[in-house]
Amino acid sequence: MLFSITSIKPIAIFRVSLIIITALSNIGCSDHEQSKVVNFSNTITLEKPDTKQRGDKQLRVAIGAMVSPRESISIYQELLDYLGEKLGKEIVLEQRKTYSEINELLGKSEVDFAFVCSGPYVVGKEKYGLELLAAPEVNGSHFYNAYLIVNKDSRFNTIEDLRSKTFALTDPDSNTGKLAPIGWLKKIGEKPETFFGSLIYTYSHDNSILAVSRGFVDGASVDGLIWAYFNKTNPDLTSNTRVILKSENYGTPPVVATRQMSKSMKEAIKRALLGMRDDKRGAEILDRLMINRFVPAKDDWYNSIRDVIESAGVSMEPQDGLSKSEN
Amino acid sequence: MGFRSLKTKLLLAASLLVISSGVALSLLVSDQYSKSLIDSARHQAENLALSLAIESADKVLTHDLVALQKSLDHQMKSNRSLAYLFVVRDGQVLAHTFQKNFPQELLDANTVISEDGGNEQTIVSTTGERFIDIARPIFQGKAGLLRLGISEKSLERQVDELRMKMGLITLFILLTAIAGSLFLVKRITGPLGELARSVENIKQGSWDVKIRVSGRDEVTILAKSLINMAARLKHYTQRLENQKLELERAHNQTRIFCEIVRELGTV
């Protein structure tokens, strides 16, 4: 048997070491991601947002904050897309936190038409000359009511039970969210700011419902149509609330146009809205919105709101002593 | 002896293996650590982007830009790893957290593919700083796009700290390994050196092999074999020498006997 004995050479040790380093270090360097090079020094001065030029093919529409902004889009987007298609215009949606901001947009003609609450229509008609285009008919009626709601498990059964309690108002310009409770309290010789322990503004009816449902407030006055809509589409929101009082009838929240809008466009919008029930897709959208149809609105449907404003001497601005909440 | 001695070679091999393993391990661990740090930062960035996108939706939709700006500024103050935040809608930057002007190229550096999911993009500045950029649609893109950037600088600093620690640990291990190797190499090469010297002595004709043998390893077996071999060689050599002496004696006797016979013949 022949054995071969060879001495270890230093270079062989170096080679083995190099192989170990190369092999192990390569394990972690297998993937290479793509990156983009950006020169952060190359800057521009940004133009003020929303200073875009309005195109002729655009129609700007606003939605009052009757429900929170995201809910508004979920509810109205399909209807707006439908209108855009029927009118051959690109519909640009504008939303604001308060009703008065929407009225201001209408007053300055920064939007062409809007879906507003009935209270702001009354104010906007007076202040900016807003014109009625149509109003929704729900459950066979073009009237709706304010609901006084409390938590389902509470012992409150009348508005008097809510004395010195926490109460949620929707918006300083809201009909059902502010004027209605003022009207109720007027009948018993009270005012919200002295009758309730504390008041908050929630800036949308779904926020008011949520506030009552979660027990943040003891009671709230909300739009009956919106309460009914959520009671059907999102019962989790309303299931913890109980309606203890309904208001008199008010004209349903209308679709209004600015005075400056061309007559032909007003007529076109009216036609599109009033004809929705006769159109297959339009009817489907109305069904989802729980609206029977849009009908030509009359200004005197909103007289009951004017009566409340006049009799109570209501200022449609936030009053001193009313705390605000940004729910 | 120098580089040719087995002791030096073994020490060199042990040192180089420890160094190479240490370096390789350091590279591997720091690479994995860096990856896990970046992954963790990505997840945090994605969660933050999602939360901010939800929070920003109402502000964007109601055009409440002051509240939006305050919300972004608040996030920047409360999260130091954030490099920038901005909200874009219809190509317009509604709010951003850059001190003055806006980096133009950043706007198009990342976008979303679907309206439900975000997109991640690594961005490198011209100065070499790396950013994890997340683009997240706000309210399915109906309220624009939120962009969020996290600088990898702090992560790189942590990786560098780890590398430094690994280097020090490797140095400590190296010194310990060299000390240990010296001890072991001495234990291994000591008997081998004794054997080598004994073999050299045998070669010089000295048969007395004086090695203390204990243990059962290969070196001990080799030493025992060498002792036995030396003893046997000594024995055989002595026998040969004795036989040689006997042969010489016989040869002398024969030679003397022959000389006597020759002298008797001449008489």
Side-chain angles (χ1 to χ4, degrees), chain A residues 7-31 33-52 63 65 68-74 77 92-98 101-102 105 203-204 207 326-327, chain B residues 3-4 6 8-10 12-13 15-17 19-21 23-32 34-35 57-65 67 84 89-90 92-96 98 100-107 109-110 121-127 129-131 133 139-140 142-143:
Chain A
S7 65
I8 304 167
K9 291 174 184 169
I11 192 72
I13 300 169
F14 281 112
R15 279 180 188 157
V16 170
S17 304
L18 205 64
I19 288 165
I20 291 172
I21 292 174
T22 314
L24 285 177
S25 57
N26 274 346
I27 295 170
C29 305
S30 51
D31 55 334
E33 54 191 331
Q34 284 191 333
S35 57
K36 281 187 183 170
V37 177
V38 169
N39 183 359
F40 281 80
S41 309
N42 180 17
T43 59
I44 48 164
T45 306
L46 295 171
E47 63 182 72
K48 197 175 141 195
D50 207 24
T51 52
K52 284 190 303 184
I63 298 174
S68 54
R70 275 175 285 176
E71 284 291 348
S72 292
I73 289 187
S74 306
Q77 190 63 60
V92 178
L93 175 64
E94 292 284 349
Q95 288 179 284
R96 291 294 183 270
K97 189 178 168 185
T98 63
E101 286 175 276
I102 296 293
L105 287 178
Y203 292 97
S204 76
N207 284 346
E326 292 186 6
N327 286 330
Chain B
F3 267 120
R4 292 186 177 181
L6 184 60
T8 312
K9 283 176 183 172
L10 285 172
L12 186 68
S15 304
L16 282 173
L17 285 175
I19 291 170
S20 57
S21 304
V23 169
L25 205 63
S26 175
L27 286 172
L28 193 65
V29 170
S30 55
D31 184 67
Q32 290 299 317
S34 169
K35 274 184 182 168
D58 282 359
K59 296 181 181 84
V60 175
L61 291 172
T62 57
H63 210 67
D64 194 352
L65 299 185
Y84 55 81
R89 192 185 190 192
D90 300 329
Q92 281 195 314
V93 177
L94 301 183
H96 66 83
F98 291 97
K100 278 181 119 183
N101 293 335
F102 187 85
Q104 190 177 12
E105 293 169 23
L106 190 60
L107 197 60
N110 193 9
Q121 173 68 51
T122 301
I123 284 174
V124 185
S125 75
T126 44
T127 55
E129 190 175 351
R130 293 170 68 86
F131 300 92
D133 187 285
F139 192 41
Q140 288 97 48
K142 290 168 190 159

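Below, chain A is the first sequence line, B the second, and so on; all start at residue 1.
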Any idea which of B/V93, B/L61, B/L106, B/L107 has the most non-hydrogen atom pairs under 4.5 angstrom with chain A?
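Most heavy-atom pairs under 4.5 Å with chain A: B/L61.
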Give the member of B/L65, B/I123, B/D133 that has the highest number of heavy-atom pairs under 4.5 Å with chain A.
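Highest number of pairs under 4.5 Å: B/I123.
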So which part of B/Q104 gets closer than 4.5 Å to some heavy atom of chain A, the side chain, the backbone, both or neither?
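Contact with chain A involves both backbone and side-chain atoms of B/Q104.
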Which residues pass the side-chain contact (heavy atoms from CB on, under 4.5 Å) test with B/T127, not counting sequence neighbours?
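With sequence neighbours excluded, B/T127 shows a side-chain contact (heavy atoms from CB on, under 4.5 Å) to B/S125, B/E129, given in chain and number order.
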Taking A/L93, A/I63, A/V37, A/N39 one by one, which has the highest count of heavy-atom pairs under 4.5 Å against chain B?
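The answer is A/N39.
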Pair A/I44-B/N101, side-chain contact (heavy atoms from CB on, under 4.5 Å): steps then yes or no
CA-CA 6 Å; A/I44 48 164; B/N101 293 335; 6.0 Å; no
Before giving the answer on side-chain contact (heavy atoms from CB on, under 4.5 Å), spell out for B/D58 and A/R70 the whole-Å C-alpha distance, their side-chain angles and the decisive distance to 0.1 Å.
CA-CA 7 Å; B/D58 282 359; A/R70 275 175 285 176; 3.2 Å; yes
Using ring-ring contact (aromatic ring centres under 6.0 Å, His included) as the criterion, list what pairs up with B/F139, not counting sequence neighbours.
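B/F139 satisfies ring-ring contact (aromatic ring centres under 6.0 Å, His included) with no residue once adjacent residues are dropped.
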Residue part contacting chain B, namely of A/L46, when any heavy atom lies under 4.5 Å:
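When you check distances to chain B, only side chain atoms of A/L46 fall under 4.5 Å.
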Mind checking the NZ-NE2 spacing from A/K97 to B/H63? Nearest 0.5 Å is all I need.
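Nearest 0.5 Å value for the NZ-NE2 distance: 15.0 Å.
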